[in-house]
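The chains referred to below are lettered A, B, ... by the order of the sequence lines, with proteins before strands, and numbering in each begins at 1.
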Number of protein chains: 2
Amino acid sequence: MSISDLVKIFKALSDETRLKLLALLENGELCVCKIVSILKMSQPKVSFHLNILKDAGLVKMRREGTRIFYSLDDSDLFKRFLILSIIEKIKDKAFSSNFNQKGGVIWK
Amino acid sequence: MSISDLVKIFKALSDETRLKLLALLENGELCVCKIVSILKMSQPKVSFHLNILKDAGLVKMRREGTRIFYSLDDSDLFKRFLILSIIEKIKDKAFSSNFNQKGGVIWK
DNA sequence: AAAAAATATAAAAATTTTTTGATATATTTT
DNA sequence: AAAATATATCAAAAAATTTTTATATTTTTT
């Protein structure tokens with residue numbers, strides 16, 4: 001892993017939207033449209049940020065028909081540690097308005 | 001640790017100069033003038049980046065006379081892990097032109 | 001093959017970060 | 001108290017990132 005790979009990973013993590021995206025994917029893959037409806041952000045904005053996470057090797061994608069599902073890519077140990085640390089630290093804080101009282105995500 | 005604290009830490013790490021600064025401090029504190037002469041960067045630039053690292057709680061400083069010495073601040077476990085990971089990953093790659101053949105820093 | 005749905009991409013605008021050059025501040029030395 | 005040294009700060013310029021709006025692409029459905 002080169003310095004610029006490291007910088008790319010940290011750049012990807014240095015944005016609140018992207019940290020929320022990672023936390024949102026904690027429980028498995030989601031399609032872009034679901035993410036858009038949960039975070040209430042524009043679709044291009046979500047795609048833009050997902051793409052940065054993908055370039056940094058932090059998420060991976062899979063097409064199913066017209067939808068594209070994103071999920072965490074923790075195949076690398078260091079990245080896995082980062083992702084888990086982030087999720088542990090921001091869990092529940094990230095989506096207060098999108099969670100119900102049991103702590104489950106409210107899918108819109 | 002809030003989301004914005006996390007973002008601040010990752011922002012601080014998302015720059016090659018700053019990763020090099022952290023690696024440079026691996027073996028103990030250094031004054032700004034020493035860092036400037038090793039990295040061959042302008043003094044305001046070095047101060048700027050050190051300040052970002054300090055704001056993120058990754059380095060600390062100590063004045064001694066007219067000099068100010070910076071050192072790693074790894075009092076927090078998560079930050080310590082990040083710093084150690086970075087150093088392990090970029091060691092030797094970071095300063096090829098500033099190291100001698102034994103791997104020691106060539107102080108100018 | 002046209003329409004619809006989901007997503008990506010591109011261009012322009014807005015925002016943030018970084019660099020540079022000049023100057024200010026703090027401490028020590030003369 | 002003036003000069004010298006080390007560092008910080010500031011303002012302007014440059015560069016990079018993010019957001020927005022519009023459009024293109026891909027796949028499925030009709």
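- A donor-acceptor contact shorter than 3.5 Å links the side chain of B:Arg63 to the backbone of B:Gly65.
- With hydrogens and angles disregarded, no donor-acceptor distance shorter than 3.5 Å links the side chain of B:Ser47 to the backbone of B:Pro44.
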Legend entry - Watson-Crick or G-U pairs under 3.5 Å in DNA chain C, rendered as dot-bracket with [ ] for crossing pairs and | for another strand: ||||||||||||||||||||||||||||||
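- Going from atom NZ of B:Lys45 over to atom C1' of D:dT9 covers 18 Å, rounded to whole Å.
- The main-chain N or O of A:Leu72 is found under 3.5 Å from a side-chain atom of A:Lys60 such that the two form a donor-acceptor pair.
- Counting any heavy atom pair closer than 4.0 Å across all strands shown, A:Ile52 reaches sugar-phosphate atoms only and no base atom.
- The CG-C1' distance, from B:Asp55 to D:dA8, rounds to 13 Å in whole Å.
- Not a single donor-acceptor pair under 3.5 Å links the side chain of A:Lys8 to the backbone N or O of A:Ala56.
- In this structure, B:Leu30 places its CG atom 15 Å from C1' of D:dT7, rounding to the nearest Å.
- Aromatic ring pairs are classed by plane angle as parallel below 30°, tilted from 30° to 60° and perpendicular above 60°; the pair B:Phe10 and A:Phe10 is parallel.
- Using a 4.5 Å heavy-atom threshold, the side chains of B:Ser2 and B:Asp5 count as touching.
- In this structure a side-chain-to-backbone donor-acceptor pair under 3.5 Å is missing from B:Asp55 to B:Ile52.
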Legend entry - B/S/- contact track for nucleotides 1-17 of chain C, protein heavy atom under 4.0 Å: ----BSBBB-------S
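- Here the rule is side chain to side chain contact (heavy atoms under 4.5 Å, CB included) with A:Cys31, and of A:Glu64, A:Arg67, A:Arg62 only A:Arg67 fits it.
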